[in-house]
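Below is one structure, written out as structure tokens; the observations come after it.
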Amino acid sequence: MPSAATAATLDTASTALALAQGAREINPLGFWGVLAGKITYFALAPADFKQAHERTASQIWTTAALHNLLQLALGGTAS
């Protein structure tokens with residue numbers, strides 16, 4: 001499993017690519033809201049909090065990135 005930072009980067013990049021190809025963001029916070037949340041997490045969360053939640057954050061962002069990649073590969077058919 002990738003680190004939370006790597007997973008967040010993969011999710012952000014794959015989301016940006018999908019949006020550039022006409023996909024729509026389904027997260028109610030939108031692309032910029034989610035990106036702001038990720039930046040806030042990495043910049044402001046205490047180190048012990050990030051360490052305790054590393055695996056969960058990595059799993060969430062890895063799953064989101066894989067979903068984005070499936071959407072790109074399957075033309076938006078995998079909901």
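Everything numeric in this text was worked out from a predicted model, so none of it was measured.
Distance alone, capped at 3.5 Å, places no donor-acceptor pair between the Ser58 side chain and the Glu54 backbone.
Here Tyr41 sits in one hydrophobic cluster together with Phe42, Phe49, Ile60, Trp61; the rule is ILVMFWY side chains under 4.5 Å apart, joined directly or through other members.
For residues 2-30, the pairs satisfying side-chain hydrogen bond (donor to acceptor under 3.5 Å, both in side chains) are Ser3-Thr6, Asp11-Thr15, Asp11-Lys38, Asp11-Asn68, Thr12-Lys38, Ser14-Asn68, Thr15-Asn68, with sequence neighbours left out.
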Subject >> Worked check of side-chain contact (heavy atoms from CB on, under 4.5 Å) between Gln59 and Thr63 >> reply: CA-CA 6 Å; Gln59 185 61 57; Thr63 301; 2.9 Å; yes
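For the atom pair CG of Asp48 and NE2 of His53, the computed distance is 10.0 Å after rounding to the nearest 0.5 Å.
Residue Leu35 is grouped with residue Leu19 when hydrophobic side chains (ILVMFWY) are merged at heavy-atom distances under 4.5 angstrom, including chains of intermediate members. No continuous path of hydrophobic side-chain contacts links Leu10 to Leu70 [ILVMFWY only; heavy atoms under 4.5 Å].
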